[in-house]
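Everything below concerns the one structure shown next.
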Amino acid sequence: MQPAVINIFEKAAKKAGRILIRDFGEVENLQIQSKSIGDFVTNADIKVEKSIIETLKYYYPDYSYITEESGTIKGDENTIIIDPIDGTSNFIHGIPHVSLVIAKMTANEITDGIIYNPILNEFFWASKGQGAWCNNRRLRVSNRKILSDCLIGTGLPFGDGIYKDYLLEIDEILKVSAGIRRLGSAGLDLAYVASGKLDGFWEKDLNLWDISTGILLVTEAGGKISKLNGNKWTTKDRDILASNNYLHNDLVGKLSLQ
Ligand code: IPD
Ligand code: CA
Ligand code: CA
């Protein structure tokens, strides 16, 4: 049974999801601004986030909020983390791989979260100790053991900051795996690792709102999360490696070369 907090997140996400669906049908009319090279925000991001905050504030008026578009709202030790549209570039281009991400963090630990793709009507949720789920189906990471059978997801950086390191990492993974996917929503990528669709995923320089729910989905689906060098991942870290347990050490070996 879904915990109460997930029911409330679902209510907020499904209400805001209707705004996203409406705007997705009219992408040609979107107002788009560029935050930096390749990093866009649309009026849909702003409207969706406003709607999520409005619903959640009714139930959790005293909590703290960390949001991508409205910044931080200071409150008590419970924190809600929001990415209104994860996959804005996909959204702008009419590609239906987008999601709303809402998570709850207490004492620097993600305890509950949802990822919702309103266009494909996929509702993922996880709560600590209660498993990972999508539309009432329990999720398990894949059980592929050999990298040459595996599809590995990643994200590519905007601009040229860490681009060269990425080329080396891509080279290492492409040589030994069944292929790489760059799907464009880090949250959904992690949900796909939890679902056993992708066998692993790595990306650097992410924000907590991109991956908050995703890390809980993966661990609750029996997978493993770490930094790229295999060290423990904490909510302060921006680089992430996720996979099933069989592959994790092999992936660390390939990705911790620098
Ligand atoms: C982005 C997506 C993308 C990842 C970027 C994120 P946004 O989030 O998750 O897959 O590669 O690093 O910034 O900007 O669409 O919310
Ligand atoms: Ca994001
Ligand atoms: Ca976003």
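Counting starts at 1 for both ligands and their atoms, in listed order. All of these numbers come straight from a predicted model, not from anything done at the bench.
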Would you check if the side chain of [X] reaches a backbone N or O of [Y] as a donor-acceptor pair within less than 3.5 Å?
{"X": "E220", "Y": "G129", "answer": "yes"}
{"X": "D237", "Y": "D239", "answer": "no"}
{"X": "S64", "Y": "D76", "answer": "yes"}

For [X], atoms of ligand 1 separated by under 4.0 Å from a heavy atom:
{"X": "E68", "value": "16 (O)"}
{"X": "L206", "value": "12 (O)"}
{"X": "S185", "value": "9 (O), 10 (O)"}
{"X": "A186", "value": "2 (C), 9 (O), 10 (O)"}
{"X": "D83", "value": "16 (O)"}

Between [X] and [Y]: side-chain donor-acceptor atoms closer than 3.5 Å:
{"X": "W202", "Y": "E169", "answer": "yes"}
{"X": "D23", "Y": "T42", "answer": "no"}
{"X": "K11", "Y": "Y59", "answer": "yes"}
{"X": "D112", "Y": "S127", "answer": "yes"}

Say whether [X], considering both its backbone and side-chain N or O atoms, lies within less than 3.5 Å of an N or O atom on ligand 1.
{"X": "I85", "value": "yes"}
{"X": "G187", "value": "no"}
{"X": "G155", "value": "no"}
{"X": "L156", "value": "no"}
{"X": "T88", "value": "yes"}
{"X": "E203", "value": "yes"}

Answer yes when D250 and K254 have at least one side-chain N-carboxylate O distance shorter than 4.0 Å, and no when they do not.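 No salt bridge links D250 with K254.
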Inter-residue atom distance N244.CG - L198.CG, 0.5 Å rounding: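 Those atoms lie 11.5 Å apart.
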From CG (L241) to CG (N231), nearest 0.5 Å: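 The CG atom of N231 is 11.5 Å from CG of L241, to the nearest 0.5 Å.
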What part of D210, side chain, backbone, both or neither, has a heavy atom within less than 4.0 angstrom of ligand 1? side chain
Can you tell me which portion of R238 lies within the under-4.0 Å heavy-atom range of ligand 1? Options are side chain, backbone, both, or neither.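 It is neither; nothing of R238 touches ligand 1.
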From atom 10 (O) of ligand 1, work out which of G153, G87, G184, G214 has a heavy atom at the shortest distance. G184
Check the orientation of Y60 and F9. Use parallel for under 30°, tilted for 30 to 60°, and perpendicular for over 60°.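 Correct class here is perpendicular.
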Protein N/O/S atoms under 3.0 Å of the Ca ion (ligand 3)?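 Short answer, with waters excluded from the count: E68 OE1, D83 OD1, I85 O.
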N108 versus K236: any side-chain heavy-atom pair under 4.5 Å?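 A side-chain contact under 4.5 Å exists here.
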Are L228 and I170 connected in the hydrophobic side-chain network, where two residues link if heavy atoms are under 4.5 Å apart? yes
